[in-house]
Amino acid sequence: MITRKRLATGACALLVALTAALLPTSAAADEPAKESPKVELVLDVSGSMRAKDIDGKSRMSAAKQAFNEVLDAVPEEVRLGIRTLGADYPGNDRKRGCKDTRQLYPVGPLDRTEAKTAVATLAPTGWTPIGPALTEAAKDLGEDGATKRIVLITDGEDTCGVDPCQIAREIAAKGIHLVIDTLGLVPDAKTRQQLTCIAEATGGTYTSVHRTEDLSRRVRQLVDRAADPVVTPVATEGTGQCADAPQLKPGLYTDRETFGEHRWYKVDLLPGQELRASVSVSADRAVNNDYGVLLRAVTRSGREIARGSEAGDGRTDVISTGLRYPKPEIEDADEDGDGKPAAETVCLQVSNSFSAPPAVKTTPGMPIELAVDIVDGPAGASDVASFGLGRGWWLLGALVLAGFLAGLIWGWLSRWRVAVWRTH
């Protein structure tokens, strides 16, 4: 009997191996090989990076620590390179200083030890030629069909008189699908404005950074995003009420929201589908302590069906929250004229409770990024969402029942201990 079981197991394993070997081959024959995504990290190594205002250490030290953490987490399929600006020329000749950009590590398969060693040798030195660095970084990435991303980390605006925002527009106009994301280390208003313009010109994102942890986390997110199929955020504009809100399909959307504002969007959801939505609000300027973001899913009649919220206290760069709403299957659901189940319109409300000091401008509004996805709903009771635990009722009932049973057991044990004590 044991021998027969072993033979059957071996035969099944052989069949699975043969099937797995054949299927990918046929699929690969039909689909062209996909090129690996490319990312180049562009780091400012100018003299101002000596300032010690990030977690009590210099901006350069914070950047090196973040780079080491990022290099450890780079996905295997990503071809990564590193370019510096202001790393070599310490003098006052502006013409020479504005040419001070070089590729520290070539774009290609990553040797983590070699890349970390190269970063460790950097020391704050010279000028801030952002424009020339972006031009050269675009050349480093090439013009092939791979997805391409530049992540620019700097603590100041360009000091060479060249408008880097215009250079970003020219790069975008080439149609090479290159996105530039910018991160400002403790930025002032001019730096924030310039970096925001660079990012928006190519469909990228801007983030202000005041902590090492935030820098490391954000760069990792951007590198991971490059490893996935490129999703260019679609600009949209929420409204003050659901009735005239824009209709959204699954995708990534950007908008701007003023302090304390509510914005509405709409999504259609069929029975048996699940809505998954998340929102991130970027505090791209100084804000007061005590803030929060709220994402609500509401019916047309105003009944809340799901919500997600997050609050904080202290300096932040991005605050995010999300929600899930599974719409159950209905056997006798109403159908529209096409013979399909009628869709439910779900209203999404994005709110924030940010406030700013009097000296801070509140316009334009803060950037928000809204992700919407619709997937098949849970097929079985094993999925927590199918029980409605996200709404709290089943969880509350389970806690009440557990407390009741625990009370009974504790009471029985107490009586038993008293009886034993009286006996002895």
Side-chain angles (χ1 to χ4, degrees), residues 228-229 231 233-234 236-255 257 262-281 292-311 319-353 368-406:
D228 296 328
V231 178
V234 177
T236 187
E237 188 172 350
T239 59
Q241 55 186 1
C242 180
D244 54 357
Q247 189 80 33
L248 304 184
K249 296 180 179 180
L252 190 64
Y253 300 88
T254 59
D255 199 357
E257 188 173 70
H262 306 281
R263 290 219 161 192
W264 290 89
Y265 312 86
K266 290 187 296 191
V267 180
D268 283 344
L269 192 66
L270 292 170
Q273 293 183 329
E274 178 176 284
L275 169 64
R276 299 180 180 180
S278 63
V279 65
S280 298
V281 180
V293 60
L294 172 67
L295 177 64
R296 299 172 65 225
V298 182
T299 64
R300 279 184 175 272
S301 61
R303 178 176 63 86
E304 182 179 291
I305 48 182
R307 71 158 51 196
S309 61
E310 184 64 39
I319 184 169
S320 308
T321 189
L323 59 80
R324 294 173 62 186
Y325 168 50
K327 184 173 177 59
E329 291 274 10
I330 303 177
E331 294 183 2
D332 299 325
D334 295 333
E335 296 186 350
D336 57 24
D338 298 330
K340 298 179 181 179
E344 175 189 8
T345 296
V346 178
C347 304
L348 290 176
Q349 180 193 36
V350 177
S351 308
N352 75 82
S353 59
I368 68 174
E369 189 173 87
L370 178 63
V372 175
D373 195 14
I374 296 176
V375 299
D376 292 334
S382 60
D383 193 314
V384 173
S386 66
F387 285 97
L389 287 177
R391 304 181 201 177
W393 296 106
W394 282 87
L395 179 59
L396 180 61
L399 290 174
V400 170
L401 180 61
F404 177 72
L405 293 176

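Between I374 and L269 there is a side-chain heavy-atom pair separated by less than 4.5 Å. Counting only heavy atoms from C-beta outward, the side chains of L248 and L370 approach each other to under 4.5 Å. Side-chain contact between V279 and L348 is absent, with no heavy atoms from C-beta onward closer than 4.5 Å. Side-chain contact between W264 and R296: present, with at least one pair of heavy atoms (C-beta onward) separated by less than 4.5 Å. At least one side-chain heavy atom of C242 sits under 4.5 Å from a side-chain heavy atom of K266. Residues L252 and E369 meet the side-chain proximity criterion, which asks for heavy atoms closer than 4.5 Å. With a 4.5 Å cut-off on side-chain heavy atoms, Y265 and D255 count as touching.
The OG1 atom of T321 sits 6.5 Å away from atom CG of L295, with the distance rounded to the nearest 0.5 Å. If you take CG on D268 and CD on Q273, they are separated by 9.5 Å, rounding to the nearest 0.5 Å. For the atom pair CD (E344) and CD1 (I305), the distance works out to 5.0 Å, reported to the nearest 0.5 Å. Atom-to-atom distance recorded for E310:CD and L294:CG is 11.5 Å, nearest 0.5 angstrom.
Contact record, G238 with P246: CA-CD, 4.1 Å, taken as the closest heavy-atom pair. Residues A297 and V346 approach most closely at CB-CG1, 3.8 Å, considering heavy atoms. Considering all non-hydrogen atoms of both residues, L323 and G308 come closest at CB-N, 4.2 Å. The two residues S353 and G292 make their nearest non-hydrogen contact at OG-N, 2.7 Å.
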Legend entry - Derivation and outcome, side chain to side chain contact (heavy atoms under 4.5 Å, CB included), residues Q241 and H262: CA-CA 9 Å; Q241 55 186 1; H262 306 281; over 6 Å; no

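In terms of modelled atom types and a separation under 3.5 Å, the side chain of S320 and the main chain of S280 share no donor-acceptor contact.
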